[in-house]
Amino acid sequence: AQSVTQLDSQVPVFEEAPVELRCNYSSSVSVYLFWYVQYPNQGLQLLLKYLSGSTLVESINGFEAEFNKSQTSFHLRKPSVHISDTAEYFCAVSTNAGNNRKLIWGLGTSLAVNP
Amino acid sequence: GAVVSQHPSWVICKSGTSVKIECRSLDFQATTMFWYRQFPKQSLMLMATSNEGSKATYEQGVEKDKFLINHASLTLSTLTVTSAHPEDSSFYICSAQGAAHSQETQYFGPGTRLLVL
């Protein structure tokens, strides 16, 4: 069985500061890894994902995450955050087998960017 | 691409009535759709997985007679909350996964907020 741990439930940070949202997972099989973002009162948007290939993946709005197999981590980083990055961030994993790839979710990290 | 819509976005109903929520994949065919429930300040709880043309698979603890799921076409799935009660008030979110549009990835709708009075 898979599990996901997001180590920080809340991360307060000042605007233009760097941020890292941590995600660790456990699995006995190969996995796909995802970060989703949820703005207040909205659904989830895919931020970035790792399926295979390069372990460093990037999103269009400046976030990046690195898949580290030895540390079973997929931490999300941004070198300089904006007020508009304030949101809930969810890390999720799924197995890369079968047709119905259920997502296993972390509990979420609330990123609060302050001016 | 990979746009998923939900309707309605908000619904308020009286206790005992049934509410239907629609989930549509607008620009791809969704072989699998997922229904989630989210409580305030919490993560998503998977309720059920539905494949087009077959019965939904419910997660443990989810009442299949209470939450009826129909996936009649490759672009539409519906969730009907039958005989709704105040404890059913929640944020319901669907997601869709399609073979032709990155079958590994779930794309989410904007959610439906249900309030049962």
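Just so you know, these numbers use all the heavy atoms, side chains as well, and skip hydrogens, waters and symmetry mates. Just so we're clear, the structure is a prediction, and the values are computed from it rather than from any experiment. Naming: A, B, ... by sequence-line order, numbering from 1 per chain.
Screening A:Val37, A:Leu76, A:Asp85 for a side-chain contact (heavy atoms from CB on, under 4.5 Å) involving A:Leu111 leaves a single residue, A:Asp85.
Heavy atoms closer than 4.5 Å to chain B are found in both the backbone and the side chain of A:Leu103. Proximity to chain A is limited to the side chain of B:Gln38, based on heavy atoms less than 4.5 angstrom apart. At a 4.5 Å heavy-atom cutoff, the contact between B:Leu46 and chain A is made by side-chain atoms alone. When heavy atoms are compared at a cutoff of 4.5 Å, A:Gln38 approaches chain B solely by way of its side chain, counted from C-beta outward.
Between A:Trp105 and B:Phe108, the two ring planes are perpendicular [angle over 60°; tilted spans 30° to 60°].
Ion pair B:Arg37/B:Glu59 not flagged as a salt bridge, since none of the NZ, NE, NH1 or NH2 atoms sits closer than 4.0 Å to an Asp/Glu carboxylate oxygen.
Under the 3.5 Å distance criterion, with hydrogens and angles disregarded, no donor-acceptor pair is assigned to the side chains of A:Asn24 and A:Ser73.
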